[in-house]
Amino acid sequence: MYKNKTTHKVKSLCSTLVLSTALSASIVIPTAFAQDPLSSALTTQQKTDKASQRSQAKVNTLSDQTQELLADYKSTIRQVEALTVYNRQLQKVVNAQQAEIESMLAQIETLDQTNIEITPLMLKMVDGLEDFIALDVPFQLEERTDRVARLRETMDSPNVTTSEKYRKILEAYQIENDFGRTIEAYEASLGEGDDTRTYNFLRIGRLALLYQSLDGEETGQWNSDTRSWEVLPDNYRAGVNQGLKIARKQAPHNLIKLPVRAAEDA
């Protein structure tokens, strides 16, 4: 009986201990659970901060990239505007060049027709110049006939433009025209074969062409009526000699006595 009571007390005591232990466990467990939300909140906050830092870094990177893209965009816009202005101006140049090309083509067509019409005229002018020299006072014949020969070579040359040919013909005509307003002294030969001698020649425009031997003993002139040379009296010797000096600028201009044909009624 005593034993049973003791056993019952022991069991009761054990039950009490188990209950106490269970109660203690029930008290401890809520404390542990109470600490987890704070730790979780801190961890979440840290993660949030790190995520915010990463997000801010991304935002900063995107902002820098956006600024670069914006700068590139503005630069591209300026280039496009500059190219637009340049292209507009270039188009004006192209249009002007095209108009000039069309004008030149039209001029070429006109020039071809002009060449057809002017070439016969230029050939006639060369022929006329040659005939004029043959009928004119015979001064500097070699120089003048060589000039006509060069004109004929120029007319036959494919490398000389029509305008240049025409210019040279007019230049030759101008030279011949100037001969009528100048005086000139030069040396040339006169005669044929063994009778050829060198003389001083005095040309006064186309009015008179005179000669004098180098020793001054013979003086003569070209007679346009007979188209021949004739000897002049000695009283013209001094006048021709003075005229040669004036033409060579060895003496001042002065009155000289020379044989000149009187003007005739037309």
Side-chain angles (χ1 to χ4, degrees), residues 118-232 236-254 256 258-261 263:
I118 199 173
T119 298
L121 173 62
M122 290 191 296
L123 291 172
K124 289 181 179 179
M125 291 176 70
V126 175
D127 292 339
L129 184 61
E130 184 176 37
D131 294 339
F132 174 79
I133 292 173
L135 297 173
D136 195 21
V137 178
F139 61 90
Q140 301 284 25
L141 282 179
E142 184 176 356
E143 174 188 332
R144 297 162 74 193
T145 54
D146 286 347
R147 187 179 298 112
V148 173
R150 289 194 299 271
L151 285 178
R152 293 198 182 279
E153 292 176 359
T154 300
M155 289 298 300
D156 296 336
S157 175
N159 299 322
V160 182
T161 63
T162 301
S163 60
E164 180 65 12
K165 293 176 181 178
Y166 189 68
R167 186 191 68 80
K168 287 183 176 296
I169 293 173
L170 291 182
E171 183 181 65
Y173 268 81
Q174 185 61 48
I175 292 173
E176 289 293 331
N177 184 60
D178 291 340
F179 283 143
R181 301 192 299 268
T182 59
I183 63 174
E184 178 185 20
Y186 62 92
E187 286 188 4
S189 298
L190 190 63
E192 297 180 358
D194 295 337
D195 295 332
T196 302
R197 295 179 61 185
T198 299
Y199 293 90
N200 288 317
F201 284 84
L202 174 63
R203 177 184 60 81
I204 302 178
R206 283 188 167 85
L207 187 63
L209 179 61
L210 305 108
Y211 70 88
Q212 191 170 76
S213 60
L214 299 182
D215 58 8
E217 293 298 325
E218 182 182 349
T219 303
Q221 70 169 354
W222 172 258
N223 190 321
S224 298
D225 293 333
T226 62
R227 296 198 59 80
S228 63
W229 297 99
E230 62 182 18
V231 178
L232 291 174
Y236 289 110
R237 181 187 305 173
V240 172
N241 184 55
Q242 184 68 14
L244 289 170
K245 291 180 180 180
I246 293 173
R248 289 170 178 159
K249 297 184 172 126
Q250 297 173 349
H253 290 274
N254 201 351
I256 56 177
L258 295 174
V260 176
R261 293 179 57 198

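In what follows, every heavy atom counts, from backbone to side chain, and hydrogens, waters and symmetry copies are set aside.
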So do the side chains of Tyr211 and Val231 get within less than 4.5 Å of each other, counting heavy atoms only? yes
Worksheet entry | Audit row: Lys165, Thr119, side-chain contact (heavy atoms from CB on, under 4.5 Å) steps and yes/no | CA-CA 9 Å; Lys165 293 176 181 178; Thr119 298; over 6 Å; no
OG (Ser213) and CG (Leu190) are apart, to the nearest 0.5 Å, by 11.0 Å
CD (Glu171) and CD1 (Ile175) are apart, to the nearest 0.5 Å, by 5.0 Å
d(Ile204 CD1, Leu210 CG) to nearest 0.5 Å is 6.0 Å
Here the side-chain hydrogen bond (donor to acceptor under 3.5 Å, both in side chains) pairs for residues 177-188, sequence neighbours left out, are Gln140-Glu184, Gln174-Asp178, Asp178-Arg181, Thr182-Arg203, Glu184-Arg203
_Using a 6.0 Å cut-off, check whether atom CD of Glu142 has over 12 heavy atoms from anything other than its own residue._
no
Separation between OG1 (Thr219) and CG (Leu244), nearest 0.5 Å, reads 9.0 Å
Distance col, row Asn223:CG vs Leu209:CG, nearest 0.5 angstrom, shows 11.5 Å
The complete set of salt bridge (charged side-chain N to carboxylate O under 4.0 Å, His left out) pairs with one or both residues in residues 207-222, sequence neighbours excluded, reads Arg197-Glu218
Side-chain donor-acceptor distances from residues 125-137 under 3.5 Å, at least two apart:
residue, atom, partner, partner atom, Å
Asp127, OD1, Arg152, NH1, 3.1
Asp127, OD1, Arg152, NH2, 2.5
Glu130, OE1, Arg152, NH2, 2.8
Asp136, OD1, Arg206, NE, 3.3
Asp136, OD2, Arg144, NH2, 2.8
Asp136, OD2, Arg206, NE, 2.7
Asp136, OD2, Arg206, NH2, 3.3

>> Is there a side-chain contact (heavy atoms from CB on, under 4.5 Å) between Gln212 and Leu202? Walk through the geometry before answering.
In response: CA-CA 8 Å; Gln212 191 170 76; Leu202 174 63; over 6 Å; no
Closest non-hydrogen contact found for Ile256 with Leu258 is CD1-CD1, 3.4 Å
Contacts of Lys168 meeting salt bridge (Lys or Arg N to Asp or Glu O under 4.0 Å) (sequence neighbours excluded), chain-then-number -> Glu164
Rounded to the nearest 0.5 angstrom, the CD-CD distance for Gln242 and Gln250 is 10.0 Å
On a heavy-atom basis, the closest approach of Thr196 and Gly193 is OG1-O, 3.0 Å
Contacts satisfying ring pair (Phe, Tyr, Trp, His ring centres under 6.0 Å) that involve residues 136-179 (not counting sequence neighbours) are Phe139-Phe179
Hits for side chain to side chain contact (heavy atoms under 4.5 Å, CB included) against Ser157, two or more places apart or cross-chain, chain-then-number order -> Asn159, Val160
Centroid separation Phe201 to Trp229 less than 6.0 Å:
yes
Item to complete: Walk me through it: do Trp222 and Glu230 pass the test side-chain contact (heavy atoms from CB on, under 4.5 Å)?
Response: CA-CA 6 Å; Trp222 172 258; Glu230 62 182 18; over 6 Å; no
Correct closest heavy-atom pair for Ile246 and Pro252 would be CG1-O, 3.4 Å
